[in-house]
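Here the structure is a predicted model, which means the values were calculated and not measured.
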Amino acid sequence: MAAAESPPPPSKPQLQRPKPLGNPKSFQRTSSDDGGWSWDDPREGELTSCSEAMDVLRVFAPNCKPSCLTRLRREGIITADDFAGLDKEDLRELGLTMLERSRILRWAKGRADVEDGFTPRSDQFGPIGGCPTSSPMIPTASQLFGHRETLTRLEARISQRDNVDGEGAAQRLLDEAEQRADFWISIVTSAAPPRSKPVKKMIGSHPGEDEVSDLRENILEELFDLSVERVERLYNDMLRNSIGPDISFEAMRQGLDRCGLPDLDDETLSRVLQVVNTSETHRLEIAEFEAILSRMKLAQLLSGHCRLPLDSNTLGGRRIVLGQSVVKPSASSSAEHLVVVDYSVHAAKVSEIPKSKHREFFFGHRKKPLKPGDPPLVRWVHMNGLDLTLLLAFTVKYALHPLCVEDVIEQQNTKFDRYGCHYFAAIEQLCLVSPMDGSEPVKVHGRHVAIFCSGPPLFDTILTVTEPDHDEKEEWPGGPVRDTIGAGDAWVLRLRQRLNAAHSRLRERRADFLMYQILDLSADELVKVTKAYTTRLSCLEGQPHICASGLVPEWLDEVSLAQLQLAVVSRRLKGLQRLIRKLSEDPDLNAGLTSYVADIRDHIDEAVEDATYLFEKCRTILDQSERELERHEGHCRQVADDELNSRVFLLTVATAIFAPMH
């Protein structure tokens with residue numbers, strides 16, 4: 001017992017405990033530097049263009065709705081001066097309560113008085129939310145922060161703006177350390193392999209294949225979950241497992257092992273800490289620990305040292321053989337590359353990332369805006385075809401939720417969800433292949449589209465993954481037309497053209513509007529499919545379909561098949577209908593896209609009605625054809641009976657005339 005309480009020997013290297021932060025959730029990455037999606041990142045050395053106004057709002061209205069923050073961004077209210085210029089009616093439209101409006105208006109008045117030369121006394125500020133106790137004067141945000149004993153995380157971010165040489169420089173050093181791909185890969189490749197963990201498996205449905213029973217629990221959450229909550233939990237566990245106030249190397253090794261990372265010796269850990277540590281106190285901050293986790297995991301994936309209990313082609317038996325269900329791009333096709341589009345109001349830059357540049361992309365950060373006052377660049381990353389390694393690398397780079405990643409691998413039905421501050425949508429597309437003039441039977445091919453979009457207030461990152469419906473999920477009656485060249489991703493080219501236009505409205509908006517455009521184009525494809533069936537069924541109605549032997553077999557087969565296919569079209573339309581309904585219920589998305597979402601909803605509702613009508617029309621055509629066939633058969637029997645009666649009559653007359661009389 002005494003030995004357990006004694007301090008560690010001086011020769012044992014230790015990691016020092018970081019300074020306590022005001023908020024227990026002291027670290028959240030933000031998509032503006034490709035490090036995950038959250039909007040209050042203490043690692044940011046410089047505030048975003050909207051942060052002044054939003055920080056003031058969060059100080060005086062800490063319980064405001066997220067839609068207030070989104071509305072600020074959409075209205076272009078960026079600085080504290082912009083915010084101070086709002087009147088009572090403007091604040092009411094933001095959705096603030098009476099007390100919150102009163103605080104902000106008094107703050108604005110006090111700010112104006114300070115600018116005129118009057119400086120309020122420090123004893124005028126009360127202890128609750130910066131409200132005065134004996135004077136109507138309200139301090140400016142910077143004055144308020146100076147008189148608080150403890151800084152909240154938002155207040156700390158504002159103070160960072162005035163300490164660029166300190167915190168800002170530390171952030172830049174950490175960014176540079178994260179981009180050292182060769183260093184991180186050398187650490188992973190030279191270390192001992194991670195300790196193998198038992199994975200629960202079950203026999204797959206295909207001979208010779210073992211399938212992981214729970215992909216999310218055994219792989220995604222265990223090895224690739226670097227969400228804020230997971231990183232904080234690992235960090236706190238390391239603190240508890242260390243003797244004394246500092247984190248020991250052994251505790252850090254245990255934390256790395258829980259993420260499936262290799263076992264590093266003390267010397268290697270010291271090298272890693274020297275690279276990521278940027279503080280003068282040489283303490284391991286939680287942001288630095290997260291950088292170690294994410295960069296080592298990326299190094300594992302991109303260097304091929306991350307062994308997965310899944311076959312990369314069949315995904316553990318979830319897909320049939322690669323050549324049957326996965327796009328094989330040609331040498332000239334862009335599908336073999338990641339397509340990255342960085343755009344702002346001024347311009348858009350399209351880059352294709354071949355395999356040789358994957359390390360540079362995943363370890364790197366996007367460029368800063370050209371002008372200091374501009375919002376962060378919006379980044380759209382598109383992956384045509386599912387590559388398991390790249391998908392897991394995106395999971396680490398952007399801290400994607402394991403449930404979303406599982407839905408991509410399993411090709412989940414059409415759905416829409418919000419996980420924390422980012423959104424996920426899965427869409428079952430149907431793309432028309434045959435002409436719309438009704439000259440040929442309707443042919444379509446199915447595509448699965450997954451969308452990850454960063455949430456408020458930046459809306460600056462969107463990731464899309466498209467692939468054909470794999471064999472186990474294909475439900476198209478008669479068999480779909482194989483999309484062997486990725487033609488179903490024509491909407492990607494259309495969006496790229498819109499972004500590159502001279503005066504692009506799409507560039508003026510953020511990633512949420514780009515997500516809306518993808519949903520709109522998906523709805524348009526389904527509307528085109530229903531219109532193609534309308535034209536084709538009209539042509540079939542006018543064709544002669546009854547012959548001497550009955551209904552024409554080809555005609556009957558096509559109408560019956562169209563009825564079954566329309567049931568699938570209707571189901572996918574209803575799934576998209578539910579997605580739009582759920583999206584419209586989100587206050588942050590609905591704040592600026594109300595009319596656009598309503599337009600999609602109207603188109604989908606009309607398409608659902610058309611699909612239902614066409615389904616019933618097929619049934620009516622078949623029933624009517626059966627009745628026509630019965631009438632035709634009855635007429636044929638009547639004609640045959642009349643001919644028989646005529647012949648019998650003629651024979652009777654002939655017999656009466658020519659037969660001998662007895």
Side-chain angles (χ1 to χ4, degrees), residues 39-40 47-148 151-155 157-159 161 373 375 421 455-459 508-510 512 584-598:
W39 78 298
D40 41 359
L47 295 174
T48 63
S49 59
C50 297
S51 56
E52 277 195 10
M54 288 190 296
D55 289 332
V56 173
L57 181 62
R58 291 292 296 270
V59 169
F60 292 102
N63 297 322
C64 66
K65 299 179 181 179
S67 56
C68 297
L69 308 176
T70 305
R71 184 66 180 272
L72 279 181
R73 176 180 58 80
R74 296 189 188 282
E75 295 294 339
I77 303 171
I78 298 175
T79 65
D81 292 334
D82 296 337
F83 196 84
L86 301 179
D87 58 19
K88 180 171 61 177
E89 293 300 325
D90 295 333
L91 296 176
R92 180 182 288 110
E93 289 185 7
L94 284 178
L96 300 178
T97 64
M98 184 181 299
L99 179 59
E100 292 168 344
R101 295 198 301 269
S102 174
R103 289 178 178 176
I104 294 173
L105 290 173
R106 291 158 65 188
W107 163 77
K109 183 178 182 303
R111 181 185 180 89
D113 291 340
V114 170
E115 291 176 354
D116 292 337
F118 175 74
T119 304
R121 302 187 310 272
S122 60
D123 58 357
Q124 291 176 325
F125 310 137
I128 301 176
C131 295
T133 56
S134 60
S135 173
M137 300 303 301
I138 300 294
T140 61
S142 59
Q143 291 171 329
L144 177 63
F145 300 149
H147 288 86
R148 296 279 293 273
L151 296 179
T152 65
R153 185 169 20 167
L154 281 169
E155 295 167 343
R157 289 185 64 194
I158 293 181
S159 66
R161 179 182 50 196
C421 286
L458 296 180
F459 288 103
E508 297 176 3
R509 306 297 188 96
R510 306 297 291 174
D512 55 341
S584 63
E585 295 173 355
D586 188 278
D588 294 323
L589 288 176
N590 200 32
L593 299 176
T594 304
S595 57
Y596 294 100
V597 173

Ion pair check, Arg103 and Glu100, cut-off under 4.0 Å: no
Trace of the side-chain contact (heavy atoms from CB on, under 4.5 Å) decision for Phe60 with Phe83: CA-CA 12 Å; Phe60 292 102; Phe83 196 84; over 6 Å; no
How far does [atom1] of [X] sit from [atom2] of [Y], to the nearest 0.5 angstrom?
X      : Y      : atom1 : atom2 : result
Asp588 : Asp512 : CG    : CG    : 9.5 Å
Leu86  : Ile104 : CG    : CD1   : 8.5 Å
Cys421 : Phe459 : SG    : CZ    : 9.5 Å
Ser584 : Leu593 : OG    : CG    : 11.0 Å

Side chain to side chain, Arg509 and Tyr596, heavy atoms closer than 4.5 Å: yes
Check: Arg101 side chain, Leu91 main-chain N or O, donor-acceptor pair, under 3.5 Å: no
